[in-house]
Amino acid sequence: MAACRRAAPDPQPQPSLLGGPVSKYGERSSFETASRTLSTRTYLEEASSRTPLGDIEGMITPSSLHFERHHAGVPKIDPAQHELLIHGLVERPLIFRMEELRRLPSVSRIYFLECSGNSGTSWRPVPQPSAGAAHGLTSCSNWTGVPLALLLEEVGVKPEGKWFVAEGADACRMARSVPIEKAWDDALIAYAQNGEALRPEQGYPLRLLLPGWEGNASVKWLRQIKVVDAPLMTRDETSKYTDLLPDGRARQFTFMMEAKSVITRPSAGQKLVAPGFHEISGLAWSGEAAITRVEVSTDGGATWADATLQLPVLPKAHTRFTYPWRWAGGEAILVARCTDETGYVQPSRVQLVEARGVNSNYHCNAIQGWKVQADGSVVDAAL
Ligand SMILES: Nc1nc2c(c(=O)[nH]1)N[C@H]1C(S)=C(S)[C@@H](COP(=O)(O)O)O[C@H]1N2
Ligand SMILES: [Mo]
């Protein structure tokens with residue numbers, strides 16, 4: 001592959017200096033600078049920050065680089081005081097304290113979480129400075145908690161209970177209605193992320209996690225679940241998080257995050273130092289199932305070849321793909337497209353716009369690409 005640029009010289013003696021001491025809580029190397037892209041909104045309490053997709057490796061997002069979306073800032077909640085109330089159309093309304101939840105049978109599962117506003121600039125393409133800026137409202141963690149199904153069995157859902165409303169303890173009182181089937185399927189009441197307590201930004205001490213569904217419904221700082229017979233039509237499922245179609249109707253309760261892939265290296269803002277071998281690497285995920293195939297094109301979609309999927313390939317989790325590439329110099333358009341277990345193929349922007357128009361702000365999962373320029377610098381191809 002000859003990516004090495006010089007032959008190794010004879011080894012020289014290296015100075016042996018005393019290193020730093022042990023520490024109670026780790027920090028990354030001071031040479032590392034990968035950081036979240038902050039939104040340009042006036043109030044950063046009502047804003048988002050994005051995972052620097054171009055700088056992360058593997059399938060797990062470090063907790064400190066997990067994207068954030070807060071509608072009213074990050075509340076500081078004492079876990080000793082926090083309670084989860086489950087009530088509504090149930091036989092026995094119950095309050096769970098944190099220490100009670102931690103006694104119950106737990107599960108740890110790897111799932112992505114994606115804001116449905118992710119990739120939103122691709123509806124009306126505007127070139128973005130980096131993969132993170134364009135598509136970084138998605139992250140993937142190992143979440144630990146109690147299945148919501150277990151808690152619902154404890155309270156006993158009445159036959160007329162068809163939905164539940166989850167409410168957060170933050171100032172915006174984020175509330176979303178969710179079909180009760182999701183609780184019986186895989187909804188989690190999560191208290192840990194990547195082996196330690198949730199980060200405050202991810203909902204400490206407790207959040208709802210709806211695998212594969214739009215991030216907004218995974219209510220953070222969760223304090224209440226009310227079982228109801230029909231959706232409540234809350235602010236966040238009426239004024240927002242609906243998708244306006246060309247004929248004036250809107251899609252509502254579009255929970256599923258459909259399959260998407262993003263090449264993360266090389267990607268916008270990066271530079272190829274020299275022609276020759278460069279591994280293409282990226283992430284693919286589907287809110288419905290596991291990814292079965294990722295194809296890569298280095299000529300803007302004229303020809304395609306299969307990428308290698310790194311193990312493990314898990315349903316509703318980021319899947320890392322790689323593709324060996326030899327850059328001959330000159331311009332190249334790098335594109336990826338994925339398929340999931342259901343046979344669903346990630347659409348082109350033209351196909352997506354044919355189906356949905358361009359009024360939407362959410363659920364853009366169109367194929368996207370990066371342009372490698374003759375000098376090796378990479379920019380958004382804004383396909
Ligand atoms: N209570 C509460 N829950 C919330 C939000 C919020 O502002 N308050 N933001 C939602 C949105 S829009 C998204 S995309 C996800 C983001 O989760 P994260 O910040 O852990 O990445 O949380 C959701 N849950
Ligand atoms: Mo979101």
Side-chain angles (χ1 to χ4, degrees), residues 36-39 41 43-53 56 60-77 82 84-85 111-121 132 135-145 164-178 187-194 196-226 234-243 253-257 260 285 287 318 360-365:
R36 293 188 279 231
T37 312
L38 302 190
S39 86
R41 295 199 197 195
Y43 300 105
L44 290 182
E45 295 82 1
E46 201 291 288
S48 59
S49 70
R50 291 156 187 258
T51 296
L53 294 179
I56 63 167
I60 300 289
T61 310
S63 301
S64 42
L65 293 176
H66 195 288
F67 87 88
E68 306 161 285
R69 175 71 178 104
H70 318 311
H71 292 71
V74 182
K76 188 171 180 176
I77 298 178
H82 192 69
L84 171 64
L85 164 67
Y111 293 123
F112 76 82
L113 180 70
E114 183 182 19
C115 177
S116 50
N118 196 25
S119 316
T121 53
H135 309 289
L137 290 174
T138 186
S139 303
C140 184
S141 299
N142 186 359
W143 305 97
T144 300
F164 67 90
V165 179
E167 189 196 75
D170 50 338
C172 71
R173 299 186 63 185
M174 175 65 62
R176 287 295 306 258
S177 312
V178 180
L188 262 189
I189 303 295
Y191 49 73
Q193 169 193 7
N194 299 334
E196 62 180 356
L198 293 178
R199 292 286 166 112
E201 298 80 9
Q202 264 66 64
Y204 183 87
L206 203 61
R207 88 175 301 160
L208 178 64
L209 204 276
L210 301 178
W213 284 17
E214 69 179 357
N216 184 261
S218 282
V219 173
K220 302 190 280 189
W221 312 295
L222 181 69
R223 72 164 172 204
Q224 189 185 151
I225 285 181
K226 184 173 186 183
T234 68
R235 176 193 59 215
D236 282 286
E237 56 206 25
T238 50
S239 73
K240 285 185 179 144
Y241 302 103
T242 62
D243 317 304
F253 301 119
T254 44
F255 293 114
M256 174 69 65
M257 297 306 295
K260 186 189 286 187
W285 61 95
H318 281 177
S360 285
N361 291 316
Y362 307 108
H363 292 284
C364 186
N365 68 327

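As the structure lists them, so they are numbered: ligands from 1, and atoms in each ligand from 1.
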- Task: Tell me, yes or no, whether the heavy-atom count around Arg173 atom CZ, taken from other residues, nucleotides or ligands under 6.0 Å, exceeds 12.
- Result: no
- Query: Backbone or side chain, does any N or O of His71 fall under 3.5 Å from an N or O of ligand 1?
  - Reply: yes
- Message: Tell me whether Arg69 has any N or O atom under 3.5 angstrom from an N or O of ligand 1.
- Response: yes
- Query: Looking at Cys115, which atoms of ligand 1 are within less than 4.0 Å of one of its heavy atoms?
  - Reply: 14 (S)
- If you measure from each non-hydrogen atom of Glu201 to ligand 1, which part falls under 4.0 Å: side chain, backbone, both or neither? backbone
- Message: Once rounded to the nearest 0.5 Å, what's the spacing between atom CD1 of Ile77 and atom NZ of Lys220?
- Response: 11.0 Å
- Could you find the nearest protein heavy atom to atom 19 (O) of ligand 1 and give me its residue, atom name and distance? Lys220 NZ, 2.5 Å
- Query: Counting heavy atoms only, which part of Met174 comes closer than 4.0 Å to ligand 1: side chain, backbone, both or neither?
  - Reply: side chain
- Query: Relative to each other, are the rings of Phe112 and His318 parallel, tilted or perpendicular (30° and 60° limits)?
  - Reply: parallel
- Message: Rounded to the nearest 0.5 Å, what separates atom CG in Leu198 from atom CZ in Arg207?
- Response: 7.0 Å
- Describe, in one word, how the ring planes of Trp221 and His70 are oriented to each other, choosing from parallel (under 30°), tilted (30 to 60°) and perpendicular (over 60°). tilted
- Message: For His71 and Arg235: C-alpha separation, side-chain torsions, deciding distance, then whether side chain to side chain contact (heavy atoms under 4.5 Å, CB included) applies.
- Response: CA-CA 12 Å; His71 292 71; Arg235 176 193 59 215; 5.9 Å; no
- Message: Could you tell me if the side chain of Tyr362 sits less than 4.5 Å from the side chain of Asn216, heavy atoms only?
- Response: no
- Note on the structure: ligand 1 to Glu68, heavy atom cutoff 4.0 Å, flagged ligand atoms 19 (O), 21 (O)
- Message: Need the ligand 1 atom indices (1-based, order shown) with element for anything under 4.0 Å from a heavy-atom of His70.
- Response: 7 (O)
- Side-chain donor-acceptor contact under 3.5 Å, Thr254 with Asp243: yes
- Item | Top protein contact for atom 11 (C) of ligand 1, by heavy-atom distance | Asn216 CA, 3.5 Å
- Element-labelled atoms of ligand 1 that are located less than 4.0 Å from some non-hydrogen atom of Gln202: 18 (P), 19 (O), 20 (O), 21 (O)
- Item | N/O separation below 3.5 Å, Phe67 to ligand 1 | yes
- Query: Can you tell me the protein heavy atom closest to atom 24 (N) of ligand 1 and the distance?
  - Reply: Ser218 O, 3.1 Å
- Just let me know how Leu137 lines up against ligand 1, side chain, backbone, both or neither, with a heavy-atom cut-off below 4.0 Å. neither
- Item | Flag side-chain contact, heavy atom, 4.5 Å: Arg36 against Phe67 | no
- Item | Rounded distance (nearest 0.5 Å) linking atom OG1 of Thr51 with atom CD of Glu68 | 9.0 Å
- State the atoms of ligand 1, each with its element, that fall below the 4.0 Å cut-off from a heavy-atom position in Gly215. 13 (C), 14 (S), 15 (C), 22 (O), 23 (C)
- Note on the structure: Closest to atom 8 (N) of ligand 1 among protein heavy atoms sits Asp170 OD2, 2.7 Å
- For ligand 1, which atoms, with element, lie under 4.0 Å from some heavy atom of Val219? 1 (N), 3 (N), 24 (N)
- Any N or O of Arg207 closer than 3.5 Å to N or O of ligand 1: yes
- Task: State whether the shortest distance between N or O atoms of Trp221 and N or O atoms of ligand 1 falls below 3.5 angstrom.
- Result: no
- Query: Side-chain donor-acceptor pair under 3.5 Å between Ser177 and Glu237, yes or no?
  - Reply: yes
